[in-house]
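Encoded as structure tokens, the structure appears first; notes follow it.
Everything quoted here is computed from the prediction, not taken from an experiment. One-based numbering, in listed order, for ligands and for the atoms of each. No hydrogens, no waters, no symmetry mates; every other heavy atom, side chains included, goes into these values.
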Amino acid sequence: MKAVIVCTSVSHGNTRRIADVMGQVLAAPVATPEQVDPAGLAACDLVGFGSGTFLGSFHASPAR
Ligand SMILES: Cc1cc2nc3c(=O)[nH]c(=O)nc-3n(C[C@H](O)[C@H](O)[C@H](O)COP(=O)(O)O)c2cc1C
């Protein structure tokens, strides 16, 4: 299974710590939104997205 986790972690690194553990279990790379080619995600079986919550919303970068 080809998996990737895309996450942004701008405040305390909390989301990244969780994503790194999930990535180890899934044998999946963890990348920032800036590091991934959106077209390449179509070749993945599983794509996870992660962000902290800021004033009731996810960080804007994963939605670009
Ligand atoms: C400016 C600011 C606003 C926040 N707003 C919320 C919020 O509305 N709801 C919530 O549950 N947590 C909120 N938090 C807590 C963050 O979502 C939490 O610290 C999260 O772990 C940050 O993720 P990161 O360290 O990966 O960036 C806020 C934190 C900051 C710094």
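Applying the 4.0 Å criterion to heavy atoms of G56 picks out, from ligand 1, the atoms 7 (C), 8 (O). Using a 4.0 Å cut-off to heavy atoms of L55, the atoms of ligand 1 that qualify are 3 (C), 4 (C), 5 (N), 6 (C), 7 (C), 8 (O).
Note that CG of D20 and CD1 of I5 are 8.0 Å apart. Values are rounded to the nearest 0.5 Å.
Between H12 and ligand 1, a contact under 3.5 Å exists for at least one N or O pair. Ligand 1 has a nitrogen or oxygen under 3.5 angstrom from a nitrogen or oxygen of N14.
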* Could you walk me through whether C7 and V30 pass the side chain to side chain contact (heavy atoms under 4.5 Å, CB included) test, one step at a time? => CA-CA 7 Å; C7 84; V30 179; 4.0 Å; yes
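Considering only non-hydrogen protein atoms, atom 27 (O) of ligand 1 sits nearest to S11 N, 2.8 Å. Nearest protein heavy-atom contact of atom 1 (C) of ligand 1 is F54 CD2, 4.5 Å.
Side chains of T8 and S51: a donor-acceptor N/O pair is absent below 3.5 angstrom, by distance only.
Scanning T53, T15, T8 for the heavy atom closest to atom 23 (O) of ligand 1 points to T15.
Under a 3.5 Å cut-off, the side chain of D45 and the backbone N or O of A3 do not form any donor-acceptor pair.
The shortest distance between side-chain heavy atoms of P33 and F49 does not fall below 4.5 Å. Looking only at side-chain heavy atoms (C-beta outward), L26 and L46 come within less than 4.5 Å of each other.
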